[in-house]
Every structure is written in C-alpha cells, then in structure tokens.
Peer 1: 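Dropping a structure here in structure tokens format, bear with me for questions.
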There are 2 protein chains.
Amino acid sequence: MPKVADPQRAAETEATIVEAAKNILAENGLEALSMRAVGARVGLSATALYNYFENKQALVDRVVARGFRRFESYLWSAVEGIPTGRLERVRALGAAYIRFAMENEQYFKIMFTIQPEDPREIEELPGQGGRRIFRDSVADAIAAGEIRGADPDLVALYLWSSVHGLATLSLACDFTGECLCGDHEWAKDGLTVEGLYDLFGDFLADGLKPRDTGRIDGAGKRRTDGKRNGRDAEHRDGTG
Amino acid sequence: MPKVADPQRAAETEATIVEAAKNILAENGLEALSMRAVGARVGLSATALYNYFENKQALVDRVVARGFRRFESYLWSAVEGIPTGRLERVRALGAAYIRFAMENEQYFKIMFTIQPEDPREIEELPGQGGRRIFRDSVADAIAAGEIRGADPDLVALYLWSSVHGLATLSLACDFTGECLCGDHEWAKDGLTVEGLYDLFGDFLADGLKPRDTGRIDGAGKRRTDGKRNGRDAEHRDGTG
DNA sequence: ACTGTTAGCTTAACGACGTTATCTTAACTG
DNA sequence: CAGTTAAGATAACGTCGTTAAGCTAACAGT
C-alpha cells in the first residue's frame, strides 16, 4: 500500500514537497526542517510524505540536488555575457560563487555538509556541476593564453577550492569586522566578502599568470617541505 | 540546588565530560553525540550533566573550543622546526592544516559548522588561533622578502581560506578519484589531498611572489568585472 | 446497484532526543 | 543524633523520525 501509483501525480507532489522543504530551510534553518513541518506546509500529515520519499534523508537529498541545479544555473547566468577565454570570466565565476553562498546561506551549507547516503540517487556528486563550469572557463582561458599552461582540471579545482574556502569561512566566522579587528586600509569602509574576493583575485590571478619557464603539470610531484612523510606530530587523538 | 559547589571539582568533572563528548564525536559522529550517551560514558545520568553545562549547546561549544586549542598546537608543532621568514614555513602550515582536517574529520567539521550561540563563551572566534599563526608566519616571510609586500592580515586570510577550502571540499566530496574521473598525469598514482595541496602550493606561491611593480594593499578596491553591483541574476529564491 | 479492491491518506504509537521538575542519597554540620 | 545540603537519579513533557494499523473515497466486476 505504500508508494504512489500514478508516476505523473507522484512527480508533481514530490516537487511540491521538495519546494516546501527548501522554503522551510531557507526561512528557518535546518533545525526547523522536520517531517511534520514539511507535511503541515503542504497540507499533509508527516507520515504521508513517506509515500513519496523513503525517509527524511531522501527528501533532504532531493533538496540538495535542487540546490546544486540552481547553483549551476546561477553561475552560468552570471558569466554568460562575458566572452570565453577571458580571465575576467573566471574571476566573475568566483564572484558569483561567493554571492550564491551569501544569498542562499542555509542552502549552501547543507549542500556541502549533508552527504547523501546513496550518492547515486543524486544526479551528480556535490559540486560537480559548479566544477564543470569552472573547468570549461579555465580551459578556455588557458587556450587563450590568459592562464598559464597547466592542467585545466587541476587549475579549476584549485580555483574552486580557493573560492569555496572563502565562502565557507565567511559563513562560519563572519570575519568581516570581528576576526580582523585591526583597522586596515582595505577594510576601512565596510569589509564585504565580495570585496575580499576582489582583493584575493589579484593573488589568484598572479599565481596563474602565464610564465616563460614552461608548463607545470605536476608530473614531478614536487616536495616542498623536506619531510612530507613521517607525520611529524603524531597527534593521533588518543585521549588528550 | 543545581550548579556545583566546589569549583575545583567542577572543573575536573567538566573536563571529563568534554573529553567523553569529543571521544563519542570522533568515534561515532555528531548524530551519536547525545546527552544520554555522554552521561553513560562518564557514569552519570544525562540530567546530571546539566549541573555542569547549561545545555547541550554549551557542552558542544566547549568541545569546539578544545578542538581549536588542539588545532593551534598542532599547527605550531608542525612548523616549529622551520626557520621563520621562510616561505617553506608558510607552505608547511598549510600542509598541517590539511592534515589536521583529515585526521580529525568529525572534529574539524563541527569546529567550522557549529557556531556558538554566545560567542564570548568560547575563548576566541573559530579559527582565530589558527589564523594568528598564519599571520605571523606570513608577516615574517614578507619581512624576509619571500612574499610580496602586501598586508600580512590580508595575505594570511587569503592563504587560510584557500587551504580551508581544500580541506572542507575534500571532506564533503572526496574528489580524490570520484569527482576527477579523468586520468591525469598528477592523479595517476593515488591522488591524496596532501598531494593536491603540494600542487596547489605552486599556484599559491607564485601568486604571492615578490614583484617589482611595488606593493599592492588594495587601497583602490579594484573592480575586475565591469558590473559588480546590479545583481545580475535576481535569484532571490522566490519559489521556484 | 451492490460488493470488493485499493490508492492515499490519517491516527496511534514506539523509541530516542533535549530538557525540567521532583525526589533520593550520602556527606557534612550543629 | 537531627538537619542541612550538595550531587545525583527518576519521572515526565514535548518533539523528533519512523512504523503499523485503520479509515475513506473512487473505481471494478457481476
């Protein structure tokens, strides 16, 4: 008797439920996202939702998947007007990444916090969509000579993680004015995360500039610190 | 009648409880961290814990605070043998950051996920400790001329967020082998996060190299993309 | 037209959670 | 030895995710 018969109707109801769940999440945060609350929002009892989703995790997975689709289209629409191959396009991509995280805080948090128990149920691994856009833009910029001739996948992952770090950190810390208590030149008229990213973009861009010493593709797996193996702290968390 | 009388004994018991909580967290994850479980682990009932902590959040805050102290000393011990002023020291700091995140996964997650409801109860904002070490090492490297003459706070925050992004992302995605399905030169013999960081370190270092065009301190708050205001997507998450 | 099936829901209930109020026990004090 | 009290246990409330059982309305077959 569980499960729904008409797949058409099922899909519609599921979409309604996912929509309600994401609204509760955006408005009141993760702890407010209960099955009973979602049910009440769509005019059903909590248990009725189990006709459409196996459990709460499955519902949350769907919300996350929706979030990633929105995320991807958000990134796309942010750079579609900028010609491919330009470094500017890559920088705008990073700016859009930050902006999405700030505008969709709760959403962004669960996207990279909750991991689906069955990864195949989500169309793509978290961030795959966003990463692909990064990769393509980077590859174009490399081909156009605006970024040094390194592996696009590597460079894209680098940019992605850098931008992701800024987004994540600013959601966790709100360091705009608290962590950085000193009065700095670059923070005096209201430090925003977007402003920070603008500044960081210079470091990022300089690190990826073409250089004459030829391409680096990491073939040599260079060690920079002499003792990379040997776990120099043995911090294995015994009791401590 | 609540609260404990002898502050000496109270401090000891609190430490025991925090310790038990962090063990449960490390062994079984956040969802296993319940007051009843912590109480059972220290031989008390769940409600007895309320004599030492106002609520669960306060206990978790203490666990997080402990984590940050461990984190800070972990970073310190990882670079104490490397002479100050060397860029190598900054790179080793980043490597230690990554390593801590990998070795203390659950710990690291809550450190940057849970935000205390009363920030003052935690000795320092999340990451302040780690950031300070970054800042000092960067400042030394700048003074020694191994990093370009920019604001140490800005550069430290940049490095911090870059490394944090790599750590966070790899905890969320496990892209070592899944997200990056293509067979790359740099991924062929087992891609580890530490290996990735080694590769990224080159980009990072190049972006921070001294350059002859003088210092950049961001006074001009440069805009790189022509249209930074104007919210080019209007993605305000209405419904659909 | 009456009966049986069944899709899709509701209600009841279970165990676990955080938390509060009340009760017990054991040590100390006069 | 009586009384106080510190520090715990027990009971209980409301909420959570989830399961089992019961209801209701639409539909099928003869």
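Every chain is numbered from 1 and lettered A, B, ... according to where its sequence line falls, protein lines coming before strand lines. Heavy atoms only: backbone and side chains are in, while hydrogens, waters and symmetry mates are out.
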Peer 1: Quickly, which of B:Thr16, B:Asn23, B:Ile17 forms a side chain to side chain contact (heavy atoms under 4.5 Å, CB included) with B:Arg41? Name it, please.
Peer 2: B:Asn23
Peer 1: Please tell me which of B:Met35 and A:Leu44 maps to the more 5' nucleotide of DNA chain C, matching each residue to the nucleotide holding its nearest heavy atom.
Peer 2: A:Leu44
Peer 1: Take the protein atom CD of A:Gln57 and the nucleotide atom C1' of D:dG17, then report the distance between them rounded to whole Å.
Peer 2: 12 Å
Peer 1: Among the candidates C:dT19, C:dT11, D:dC16, find the nucleotide nearest to the side-chain atoms of A:Ser45.
Peer 2: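 My answer, after comparing the listed nucleotides, is C:dT11.
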Peer 1: Given atom OH of B:Tyr50 and atom P of D:dA7, what is their separation to the nearest angstrom?
Peer 2: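 To the nearest whole Å, that distance equals 19 Å.
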Peer 1: Can you tell which of D:dG17, C:dG18, D:dG8 lies closest to the side chain of B:Tyr52?
Peer 2: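 Comparing D:dG17, C:dG18, D:dG8 against the side chain of B:Tyr52, the answer is D:dG8.
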Peer 1: Using side-chain heavy atoms (C-beta onward) and a distance below 4.5 Å, is A:Met35 in contact with A:Leu59?
Peer 2: yes
Peer 1: May I have the distance from A:Leu49 (atom CG) to D:dT19 (atom P), rounded to whole angstrom?
Peer 2: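 Interatomic distance, CG of A:Leu49 to P of D:dT19: 13 Å.
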Peer 1: Could you please name the option among C:dT19, D:dT18, C:dG8 that lies closest to any side-chain atom of A:Arg9?
Peer 2: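 The answer is C:dG8, which lies nearest to the side chain.
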Peer 1: Measure from NZ on A:Lys56 to P on D:dC16 and round the result to the nearest Å.
Peer 2: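 It is 9 Å, rounded to the nearest whole Å.
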Peer 1: To the nearest 0.5 angstrom, please state how far the CZ atom of A:Phe68 sits from the CZ atom of A:Phe108.
Peer 2: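 Answer rounded to 0.5 Å: 8.0 Å.
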Peer 1: Which residues pass the side chain to side chain contact (heavy atoms under 4.5 Å, CB included) test with A:Ser45, not counting sequence neighbours?
Peer 2: A:Thr47, A:Ala48
Peer 1: With sugar-phosphate meaning primed atoms plus P, OP1 and OP2, does A:Ala48 contact a base, only sugar-phosphate, or nothing at under 4.0 Å between heavy atoms?
Peer 2: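 The answer is base, as A:Ala48 lies within the cut-off (heavy atoms under 4.0 Å) of a base atom.
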Peer 1: What is the distance, to the nearest angstrom, from the CG atom on B:Asn51 to the P atom on C:dA21?
Peer 2: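 The distance from CG of B:Asn51 to P of C:dA21 comes to 14 Å, rounded to the nearest Å.
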Peer 1: Between the side chains of A:Arg91 and A:Tyr197, is a donor N or O closer than 3.5 angstrom to an acceptor N or O?
Peer 2: no
Peer 1: From the set C:dT19, D:dG17, C:dT11, return the single nucleotide nearest to any side-chain atom of A:Arg36.
Peer 2: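 For the A:Arg36 side chain, the nearest candidate turns out to be D:dG17.
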Peer 1: Whole Å only: how far is the CZ atom of B:Phe53 from the P atom of D:dG8?
Peer 2: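 So the CZ-P distance, B:Phe53 to D:dG8, works out to 12 Å.
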Peer 1: What's A:Leu33 touching, base or sugar-phosphate or nothing? Going by heavy atoms closer than 4.0 Å.
Peer 2: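 Counting heavy atoms under 4.0 Å across all strands, the contact made by A:Leu33 is with sugar-phosphate only.
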Peer 1: Can you check whether any acceptor in the base of D:dT19 is under 3.5 Å from a donor in the side chain of A:Thr47, or vice versa?
Peer 2: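 Flag unset: no donor-acceptor pair detected.
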Peer 1: Report the distance from atom CD of B:Glu14 to atom P of D:dA7, rounded to the nearest whole Å.
Peer 2: 12 Å
Peer 1: Given D:dC16, D:dT18, C:dT19, which nucleotide is nearest the side-chain atoms of B:Asn55?
Peer 2: C:dT19
